[in-house]
> 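Would you mind keeping the following structure in view while I ask a few things?
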Amino acid sequence: MTRSTKQVIGQFLTEAVEEARKKLDMDVIPPIYFELPKEKSHGDISSNISFLIASKLGIPSTKVADTILENLVSKIQQSPLFNKVEAAGGGFINFFLNPGAFYPVLLQIDEEGEKYGCSDVGGGRKVLVEFVSANPTGPLHIGHARNAAVGDVLANILRACGFDVNREYYLNDVGSQVEALGKSLKSRYMQLLGEREVDVEYKGEYLVELSRELFEKGERQYKDRGVEFFANYAVKRIREGIEKDLEDFGVFFDCWFSEENLHSSGSIRKAVSLLEEKGLVEFREGAKWLKSTEFADEKDRVVIRSDGSPTYLAADIAYHYRKFNDGSDRLINVWGADHHGYIPRLKAVIEGLGFSPDALDIVLIQLVKLRRSGKPVSMSTRAGEFVTLREVIDEVGKDSMRFFMLMRRSNAQLDFDLELAKRQSMENPVYYVQYAHARICSLLSFADENGLRLRKAKDVQCELLREKEELDLIKVLSFFPEVVEGSARSLEPHRLTGYLQRLASSFHNFYDRLRVVGEEEEKALARLALVKAAQITLQNGLRLLGISAPEKM
RNA sequence: GCGCCCGUAGCUCAGUGGAUAGAGCGGCGGCCUCCGGAGCCGAAGGCCAGAGGUUCGAAUCCUCCCGGGCGCGCCA
């Protein structure tokens with residue numbers, strides 16, 4: 001049903017409850033909200049308001065329901081939207097709608113087109129989504145892929161809901177890891193020049209390739225260059241690789257923010273002294289500590305080491321200060337779940353800086369347990385034997401991989417067997433959804449070839465759509481905006497993949513039982529308009545997921 | 001030891017405090033003279049890890065407990 005239909009129901013029920021309130025001698029009404037019954041016999045939409053009132057007043061819920069119903073029936077009868085309303089299940093109030101209540105959604109989809117599903121609940125508020133942010137010390141692996149997919153789709157969804165979204169990658173291009181990377185590359189390079197083997201911390205094949213690259217460029221000429229040179233070279237080249245991998249995965253950023261920039265610009269000193277001025281920093285044991293225990297953290301944290309250098313947290317203070325100062329109203333950080341222990345101190349930082357800790361949401365991405373033919377595969381960057389994002393894209397394809405990564409709650413671990421994904425690729429849910437779209441395209445062109453010209457939904461006799469498959473499909477189509485909104489509110493993109501499977505299922509069902517071409521013309525045209533609406537909705541959903549909607553497969 | 005996440009069908013997982021807990025895969029049985037069979041339909045499969053509690057109502061919230069994963073640095 002469309003938003004306006006829901007508003008009418010809400011208004012009727014509110015009025016009826018208000019009248020019941022007087023009769024039952026109650027002062028305040030609990031908030032009224034609706035739910036969609038799972039069971040068809042429970043109507044199209046229902047309310048549990050009677051239970052809430054009953055428990056407040058200590059009277060039977062059936063009595064409350066009856067009282068509300070008395071006032072409701074007359075209103076219902078005046079409106080063509082309703083078939084009937086009843087009290088059932090000990091107090092639920094169930095509304096049964098006429099098919100006519102659902103048809104307006106077809107007009108809405110037709111009018112809104114690719115905007116169907118969008119809303120303005122975000123009110124133009126500025127949101128910064130920071131995701132992936134993998135250290136540039138090696139190629140992205142499968143775990144980063146999940147982070148990338150979730151962050152990207154969250155950003156898409158929030159944008160569709162009227163937020164002003166920016167996507168950002170925080171590049172940790174300084175520090176001990178980068179130094180170790182430089183040392184490792186230098187060792188590889190020296191090996192090529194015939195030096196004896198030394199300890200290499202990053203053992204991946206990619207560094208061997210980079211060293212060859214350097215050798216081909218200048219043979220022995222980098223022999224006397226310092227570790228910093230090799231570190232810079234490695235970071236630059238690895239970052240380019242990461243960028244390319246993400247591009248092929250359909251993920252783009254508005255900004256790649258360099259940690260080095262925070263160090264060289266003096267932002268870190270500034271941010272730390274701001275906290276000092278607020279009395280939130282303490283000098284102790286030769287170091288500067290953030291008194292994060294004054295907020296919700298379990299212990300204080302070092303921000304400036306005894307050697308005077310800033311910690312990672314110090315950089316994060318400056319980084320998040322900048323995020324807010326650049327005008328973001330809200331921050332979303334997508335992190336690997338192994339960083340969850342870091343949340344309280346970052347929230348403390350934000351509170352210390354004078355912002356609300358609620359303005360930061362952290363979406364944790366649980367581990368992807370990768371298997372190859374059932375055998376666990378290590379994913380440590382340093383072990384040098386991991387399965388990269390690149391390999392998996394090449395193996396199972398971007399669309400399939402994105403869908404897979406988005407099918408489960410980010411909060412739960414994900415089992416991903418490469419052989420299985422390959423073997424089952426033809427039965428992968430993404431194909432099921434895409435197939436529905438391809439089928440529609442094929443059907444639309446077949447209809448056109450047979451002289452059936454697609455009409456605007458408003459010029460079609462919707463009331464001819466009375467079969468249960470048709471009504472079911474229309475109803476599912478009508479949920480789409482709420483699903484998008486719900487995903488945005490809960491920051492759970494997996495709801496969208498679930499919805500698209502449901503939508504595809506409804507369409508396949510419709511398609512299998514009913515025909516379009518060959519029916520009496522007006523009915524065929526009405527069905528054609530319905531099919532078109534399904535196509536638009538599938539396209540919109542797939543677009544949000546960053547997955548293609550192929551016309552042929 | 002302390003903290004966070006997860007335990008739901010044989011497997012992988014959905015499930016805003018609501019009514020008879022769902023889907024896909026696997027297995028079983030059906031459906032192509034027909035717009036794409038990468039599809040559709042049907043049956044089977046469950047003590048929602050376990051025990052208490054809150055509630056008119058709990059897979060969902062609270063406490064405890066058992067299993068699995070991950071964290072508890074002047075690393076990043």
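Here is the naming used below: chain letters follow the sequence lines, and residue numbers restart at 1 for every chain. Source: prediction; values computed, not measured.
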> Only counting residues at least two apart or in another chain, list the ones meeting salt bridge (Lys or Arg N to Asp or Glu O under 4.0 Å) with A/Lys6.
A/Glu482
> Only Watson-Crick and G-U wobble pairs with both distances less than 3.5 Å should count. Give RNA chain B in dot-bracket notation, marking inter-strand partners with |.
(((((((..((((....[...))))..((((.......)))).......((((..]....)))).)))))))....
> Go through the structure and list residues passing side-chain hydrogen bond (donor to acceptor under 3.5 Å, both in side chains) with A/Arg515, not counting sequence neighbours.
none
> For nucleotides 7-10 of chain B, print each protein N/O atom paired with a nucleotide N/O atom at under 3.5 Å, atom names and distance only.
none

> Looking at RNA chain B, which of residues 436-451 of chain A put a heavy atom within less than 4.0 Å of it?
A/Ala438, A/Arg439, A/Ser442, A/Leu443, A/Phe446
> List the residues meeting salt bridge (Lys or Arg N to Asp or Glu O under 4.0 Å) with A/Glu282, not counting sequence neighbours, and say none if there are none.
A/Arg284
> Please list, in numerical order, the residues of residues 499-529 of chain A that have a heavy atom closer than 4.0 Å to any atom of RNA chain B.
A/His508, A/Asn509, A/Tyr511, A/Asp512, A/Leu514, A/Arg515, A/Val516, A/Val517
> Tell me which pairs pass ring pair (Phe, Tyr, Trp, His ring centres under 6.0 Å) where either residue lies in residues 284-311 of chain A, with sequence neighbours left out.
none
> Suppose we screen for side chain to side chain contact (heavy atoms under 4.5 Å, CB included). Which residues come up paired with A/Val460, at least two apart in sequence or across chains?
A/Arg455, A/Cys462, A/Leu525, A/Ala526, A/Ala529
> Residues in salt bridge (Lys or Arg N to Asp or Glu O under 4.0 Å) with A/Lys84, at least two apart?
A/Glu86
> More than 12 heavy atoms of other residues, nucleotides or ligands under 6.0 Å from CZ of A/Arg3: is that the case?
no
> Which nucleotide sits closest to the side chain of A/Glu492: B/G15, B/A19, B/C13?
B/G15
> Start at the 5' end of RNA chain B and walk down; is the nucleotide closest to A/Met553 or to A/Glu35 reached first?
A/Glu35
> If a protein heavy atom is under 4.0 Å from the base, mark B; if only from the sugar-phosphate, S; if neither, -; do that for nucleotides 71-76 of chain B going 5' to 3'.
SSSBSB
> Please name all residues satisfying salt bridge (Lys or Arg N to Asp or Glu O under 4.0 Å) with A/Asp297, sequence neighbours left out, ordered by chain then number.
A/Arg301
> If you look at every strand shown and take non-hydrogen atoms under 4.0 Å, does A/Asn48 touch a base, only sugar-phosphate, or nothing?
base
